[in-house]
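I have placed the structure first, in the form of structure tokens, so that the comments after it can refer back to it.
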2 protein chains.
Amino acid sequence: MFLTDYAKALNTTGAGLYGEPDCLHGLFAKQPAEYLAPGQALFFEGDEARHIFEVIEGTLRVFRIISDGRRVITGFLHAGDIVGVSLRNDYLYTAEAITTAKIRRLPRRQFEAAVASSDGLRQDVLARVCDEMAAAQDQMVLLASKSAEERICTFFQKYLRRALSEGSLQPVVELPMSRQDMADYLGLTIETVSRTITRLIGKGVLNVLDPTARHSIRIERPGMLAQLAGDDDDCIDMRRDLQAQGERRRH
Amino acid sequence: MFLTDYAKALNTTGAGLYGEPDCLHGLFAKQPAEYLAPGQALFFEGDEARHIFEVIEGTLRVFRIISDGRRVITGFLHAGDIVGVSLRNDYLYTAEAITTAKIRRLPRRQFEAAVASSDGLRQDVLARVCDEMAAAQDQMVLLASKSAEERICTFFQKYLRRALSEGSLQPVVELPMSRQDMADYLGLTIETVSRTITRLIGKGVLNVLDPTARHSIRIERPGMLAQLAGDDDDCIDMRRDLQAQGERRRH
DNA sequence: CGCTATTTTGAAAGGGCTCAAGAGTAGTGG
DNA sequence: CCACTACTCTTGAGCCCTTTCAAAATAGCG
């Protein structure tokens, strides 16, 4: 069975035999698509991590349930994301569809065989793991030090950037997730999220397009949003100085 | 020059030629040791990530300075830890010695060549990256949802586990870092850290061994510490039920 | 149109933060 | 040996932001 799997991996992924692009997307391209209904889980925390998944369409939330029953969302998955790479035996979290989602899956062994046999795939995997770690770091900084307003603005700014980089001509972010999802992701309560957004509307920073569609938000003042997000990069200049000070102090 | 590096990598690491153990530690073993004084930086956030490091002795803090000048510590490094793997072009954070530290370094290219040529090394790298992601997840959960007391207890518990697994016969944790370091790591202020520890001493959970050495802490009631840390695992049973409920609710 | 789920809004309480001062601990040099 | 200084840590009081609890408003859906 092991050998069969391995052979299949070599056949379907080709390891370069078919001249496929050396990227992960190509690996999944030939797998059948699967669909998840909103609220349906892709896998559960604690389950044996048998597959790696690529998200083709839709959005998923990745979360853990803690002892008091609350939910902590550690990230969202969007089209193009791969989930399950940086895991060992078991899934560390549950992944659940927010919208209807289209995904493809690959058995772990098959995935690993393909990656082991291709430099290009290895680089792609490494790059994605690096991005994942960078995102985790940013989230730690956000949770450790930012106010509710800064968290919300950082969140919107991230989605605004995504929308613009995907060619959107208008500064409008479509948020598939609920206010509760945002709260669980940002380490806040739903009330604080709601209140903060109301306050941002009051300041003229953003606006809800249509009361009917509270998930579409137009950013009226992107510059102000960036400021309120509170990670101005003009502090980089200060860092060396601060650290130099620290060293001087210590000696 | 590229070829030289690559050849050197193959020579020194052997890719199995010399039968070295297929682990990362072996990769670094032949590099010269370097020493860092307390407070000295190993590298700075934003620097080009030219090397991978292994910590041989001592403790380092890994942190970022945010725009308002505060410091967010995202982790500590101890003997046996490798730093710099899950990075791309630049270091995302500064790494700085807390105690005198002994480290070894390997040029990035050399490291990558060695890893590319050895299945064993690849597995080791993957395992470490997985651990790093798991730790980041745990930290996000801690920062998003735990009270000051829970954070402190979680922190002590982690160090207690480490001490016991390293063969310590007494429930004593030696904390090389300052209260300020703990605060910046746990997303609290130094005052809150201090007050919380005082309160825990009052409850009889722990004790500071010697006023002279405030960094040595004896855990008087490990069980109570675990409870107060607030991540009882008896909630796993509930998770399925809760999630099943969620699905029922949605349909 | 009526029901349910989600979101918003309000008032009160609490936990951690800020500001400020005090205590304990090296390290230095007379 | 002790005064002096610098630094870390502790303790105290008041305040502010977020949470909690409660209810109203709005949206989604059969």
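All chains are named by letter (A, B, ...) in the order of the sequence lines, taking the proteins before the strands, and each is independently numbered beginning at 1.
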Distance in angstrom units between [X] [atom1] and [N] [atom2], rounded:
X: A/Gln180; N: C/dT6; atom1: CD; atom2: P; result: 9 Å
X: A/Glu149; N: D/dC16; atom1: CD; atom2: C1'; result: 15 Å
X: B/Ile190; N: D/dT11; atom1: CD1; atom2: C1'; result: 12 Å
X: B/Met182; N: D/dT8; atom1: CE; atom2: P; result: 16 Å
X: A/Asp184; N: C/dT6; atom1: CG; atom2: C1'; result: 14 Å
X: B/Lys146; N: C/dG15; atom1: NZ; atom2: C1'; result: 17 Å
X: B/Ile217; N: D/dC9; atom1: CD1; atom2: P; result: 11 Å
X: A/Met177; N: C/dA5; atom1: CE; atom2: P; result: 22 Å

Over the length of the helix from C/dC1-D/dG30 to C/dG30-D/dC1, how much do the five-pair end axes diverge, rounded to 10 degrees?
30°
Check: B/Thr99 side chain, B/Thr59 main-chain N or O, donor-acceptor pair, under 3.5 Å:
yes
When you measure from the side chain of A/Gln227 to the backbone of A/Met224, do you find a donor-acceptor pair of N or O atoms at a distance under 3.5 Å?
no
Sequence-distant partners of B/Arg70, side chain to side chain donor-acceptor pair (under 3.5 Å), two or more places apart
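With sequence neighbours excluded, B/Arg70 shows a side chain to side chain donor-acceptor pair (under 3.5 Å) to B/Asp68, given in chain and number order.
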Not counting sequence neighbours, which residues clear side chain to side chain contact (heavy atoms under 4.5 Å, CB included) with B/Val129? List them please.
A/Val129, B/Val85, B/Val125
All salt bridge (charged side-chain N to carboxylate O under 4.0 Å, His left out) counterparts of A/Glu132, not counting sequence neighbours:
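Counting only residues at least two positions away or on another chain, A/Glu132 forms no salt bridge (charged side-chain N to carboxylate O under 4.0 Å, His left out).
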Can you confirm if the aromatic rings of A/His78 and A/Tyr159 lie within a centre distance of less than 6.0 Å?
yes
Any A/His215 side-chain nitrogen or oxygen under 4.0 Å from OP1 or OP2 of D/dA27
no
Scan B/Ser194 against the nucleic acid and name what it touches under 4.0 Å (heavy atoms): base, sugar-phosphate only, or nothing.
base
Measure from NZ or CZ of A/Arg71 to the centre of the six-membered ring of A/Phe63 and say whether it is under 6.0 Å with the direction within 45° of the ring axis.
yes
Please tabulate, one pair per line, each protein N/O and nucleotide N/O from nucleotides 17-20 of chain C that are separated by under 3.5 Å, including the distance.
from: C/dC17; atom 1: OP2; to: B/Thr189; atom 2: N; distance (Å): 3.3
from: C/dC17; atom 1: OP2; to: B/Thr189; atom 2: OG1; distance (Å): 3.1
from: C/dC17; atom 1: OP2; to: B/Thr192; atom 2: OG1; distance (Å): 2.4
from: C/dT18; atom 1: O4; to: B/Arg195; atom 2: NH2; distance (Å): 3.0
from: C/dC19; atom 1: N4; to: B/Glu191; atom 2: OE2; distance (Å): 3.0

According to side-chain hydrogen bond (donor to acceptor under 3.5 Å, both in side chains), does anything in residues 170-180 of chain B pair up with another residue at least two apart or in another chain? List the pairs.
B/Glu174-B/Ser216, B/Ser178-B/Asp181, B/Gln180-B/Asp184
Heavy atoms of B/Ala229 and B/Lys146 approach each other most closely as O-NZ, 3.2 Å
